Amino acid sequence: MSSEEFRRHGKALIDWIADYWDTVADRPILPDVNPGDIRAMLPDHAPEAPEPFEQVMADLDRVVLPGVTHWQSPGWFAYFPANASFPAILGELAAAGLAQQGMLWQTSPATTEIESAVLDWLVDLMGLPTSWKTSEGPGGGVLQMSASDSTHTAIAVARMGAAGRADPSSMVVYTSQQAHSSIEKGARVAGVGHVRSIECDEVYAMRPEALEAAIVADRADGLEPMLVSASIGTTGTTAVDPVGPIGEIAHRHGLWFHVDAAYAGSAMICAEFRHHLSGIELADSYTFNPHKWLLTNFDCSVFWVADRRTLIESLSILPPYLRNTASETGEVIDYRDWHVPLGRRFRALKLWFVLRSYGAEGLRDHIRRHVALAQQLTARVKESPVLHLVAPTTFGLVSFAHVDGPEATRALGATINASGWAHVTMSALDDEPYIRVSIGSTLTERRHVDRLWELIASSV
Ligand code: PLP
């Protein structure tokens with residue numbers, strides 16, 4: 001493809017994406033396909049001869065769109081949002097166009113320095129400890145693909161730190177019964193022997209006294225308590241674990257303290273949510289996902305550590321082919337030492353585009369708009385004689401069930417999803433099903449939540 005053709009097709013593709021966003025609200029959210037349908041539209045072998053690019057583009061409509069779930073629909077209330085925005089999409093395109101490989105400072109100084117600057121900005125914007133800024137230290141931030149990667153890295157680094165004291169099979173990771181499965185997966189990946197799911201209170205937050213009792217009991221049994229992971233915004237109900245008390249217990253017993261704020265971390269851009277961070281200065285590591293609720297398309301997960309030396313010392317391996325003068329000065333960041341992969345793309349560019357295009361004000365509006373809609377829906381659920389909240393609404397998630405029990409709740413969830421234009425996720429607490437309405441899509445406005453409520457009210 002010549003640069004002239006690239007310009008032509010590029011314009012057509014941007015038009016295609018803009019058309020997609022203009023029409024996504026009118027599309028049924030779930031694709032009407034069976035397993036294998038999309039693959040059946042593809043030939044068995046890659047083409048031997050080059051195909052005209054117009055034909056490739058045409059297959060976006062013919063092959064791809066029929067098999068796409070419309071996460072960007074304003075009626076998307078399922079899981080958590082996976083925000084995207086035009087500035088982020090353009091940042092992604094620019095990153096692909098520059099095609100950088102930023103494993104070392106030397107292999108792409110801009111990839112490294114824009115990333116560390118943008119993550120330092122976020123520390124200030126979100127009221128996090130300034131010692132997490134790479135420019136101040138001893139902490140620092142790095143972008144990972146996902147919160148799972150951030151958590152797995154934290155567990156692996158903590159495990160390496162504890163390796164001199166005990167065998168990994170005797171190590172224990174603690175988290176709450178409501179924590180995301182990535183904690184358990186990270187423990188498995190790191191070869192940690194035990195994971196304890198600590199009991200929660202009536203609002204599904206970890207009970208610190210149960211945590212401490214478990215640590216003491218495990219130590220008495222000859223095990224090696226190694227890491228505690230607290231959640232700010234659990235997946236099920238956005239419960240917030242008491243970060244300060246849990247951090248104090250972790251420190252008193254010499255455990256690594258990780259905080260998973262994958263979804264709710266974006267809300268910290270608004271000062272009124274920062275009381276949930278109380279005690280965060282005790283954290284050894286923290287993760288949140290701009291790719292959930294901060295207008296930056298997947299993948300973009302921030303991972304901060306309170307002391308970057310521990311991370312770097314655990315992950316740095318220096319073969320002769322990676323030696324270079326910039327690294328030897330000790331004055332540069334080589335992000336390859338901050339995560340598992342060696343190679344890394346220019347992920348920060350889209351986040352930089354988003355922060356500059358919306359400004360902190362625009363991002364606060366984005367969060368507050370959704371939280372206000374969630375509060376409005378919560379008030380309606382509370383007033384309804386046939387619905388009840390199953391957990392407090394703390395951010396953009398409303399969790400509720402039908403008073404008539406599991407069957408009625410499941411039927412209501414099915415009715416909402418059968419509408420085609422609204423989509424929710426069902427979950428369960430103590431084996432009782434409930435409906436999660438997660439308000440946070442980039443395009444979701446009051447009228448969409450009003451329409452959802454009309455559907456709910458007319459179906460119960
Ligand atoms: N932690 C929490 C609390 C989550 O809700 C999620 C996903 O929803 C994750 C971690 C995993 O995020 P990721 O898909 O970025 O690995």
Side-chain angles (χ1 to χ4, degrees), residues 69 71 76-84 88 141-156 173-190 195 197-198 200 203-206 227-243 246 257-268 273 276-277 280 283 285-304 339-341 345 347 350-351 370 374 391 393-399 423-429 434 436-441:
T69 299
W71 282 73
W76 182 265
F77 303 110
Y79 305 103
F80 280 136
N83 277 182
V142 58
L143 287 175
Q144 306 259 5
M145 179 172 68
S146 75
S148 302
D149 285 323
S150 305
T151 297
H152 299 175
T153 305
I155 297 175
V173 163
Y174 302 83
T175 194
S176 92
Q177 288 166 339
Q178 289 293 319
H180 190 262
S181 56
S182 53
I183 321 296
E184 185 176 344
K185 197 189 248 188
R188 267 197 222 172
V189 169
V195 177
S197 297
I198 303 298
C200 291
V203 289
Y204 305 105
M206 193 196 296
L227 176 143
V228 183
S229 180
S231 309
I232 298 181
T234 57
T235 315
T237 63
T238 67
V240 179
D241 293 336
V243 171
I246 293 172
F257 182 37
H258 177 65
V259 177
D260 174 5
Y263 158 73
S266 295
M268 302 310 151
F273 295 106
H276 296 300
L277 290 172
I280 199 67
S285 52
Y286 176 93
T287 185
F288 98 96
N289 286 348
H291 69 226
K292 279 190 163 59
W293 201 13
L294 211 62
L295 294 159
T296 310
N297 58 289
F298 194 88
D299 54 350
C300 188
S301 177
V302 185
F303 181 53
W304 278 292
H339 52 44
V340 174
R345 62 199 203 82
R347 267 195 203 104
K350 59 187 169 187
L351 186 54
H370 294 140
T393 300
T394 312
F395 303 101
L397 179 75
V398 187
S399 306
H423 197 60
V424 297
T425 310
M426 303 291 297
S427 190
L429 287 164
Y434 69 97
R436 290 170 79 266
V437 174
S438 165
I439 300 173
S441 266

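In each ligand, atom 1 is the first atom listed, and ligand 1 is the first ligand listed. On a predicted model such as this, the values are computed, not experimentally measured, just so you know.
- When the side-chain contact (heavy atoms from CB on, under 4.5 Å) test is applied to Ala239, the partners found at least two apart in sequence or on another chain are Tyr204, Thr234, Thr237.
- Ring planes of Phe298 and His291: tilted class, angle from 30 to 60°.
- Relative ring orientation between Phe288 and Tyr286 is described as tilted, the plane-to-plane angle lying within the 30° to 60° band.
- Residues meeting the side-chain contact (heavy atoms from CB on, under 4.5 Å) test with Ala283, sequence neighbours left out: Trp132, Phe257, Val259, Ile280.
- Below 30°, between 30° and 60°, or above 60°: for Tyr263 and Phe80 the angle between ring planes is below 30°, a parallel geometry.
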Short N or O separations between ligand 1 and the protein, below 3.5 Å:
{"from": "ligand 1", "atom 1": "1 (N)", "to": "Asp260", "atom 2": "OD1", "distance (Å)": "3.2"}
{"from": "ligand 1", "atom 1": "1 (N)", "to": "Asp260", "atom 2": "OD2", "distance (Å)": "2.6"}
{"from": "ligand 1", "atom 1": "5 (O)", "to": "Thr235", "atom 2": "OG1", "distance (Å)": "2.8"}
{"from": "ligand 1", "atom 1": "8 (O)", "to": "Lys292", "atom 2": "NZ", "distance (Å)": "3.3"}
{"from": "ligand 1", "atom 1": "12 (O)", "to": "Lys292", "atom 2": "NZ", "distance (Å)": "3.2"}
{"from": "ligand 1", "atom 1": "15 (O)", "to": "Ala147", "atom 2": "N", "distance (Å)": "2.8"}
{"from": "ligand 1", "atom 1": "15 (O)", "to": "Asn289", "atom 2": "ND2", "distance (Å)": "2.9"}
{"from": "ligand 1", "atom 1": "15 (O)", "to": "His291", "atom 2": "NE2", "distance (Å)": "3.2"}
{"from": "ligand 1", "atom 1": "16 (O)", "to": "Ser146", "atom 2": "OG", "distance (Å)": "3.2"}
{"from": "ligand 1", "atom 1": "16 (O)", "to": "Ala147", "atom 2": "N", "distance (Å)": "3.4"}
{"from": "ligand 1", "atom 1": "16 (O)", "to": "Ser148", "atom 2": "N", "distance (Å)": "2.9"}
{"from": "ligand 1", "atom 1": "16 (O)", "to": "Ser148", "atom 2": "OG", "distance (Å)": "2.6"}

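- Under the rule for a side-chain contact (heavy atoms from CB on, under 4.5 Å), the partners of Ala264 that lie at least two apart in sequence or sit in another chain are Ile232, Phe395.
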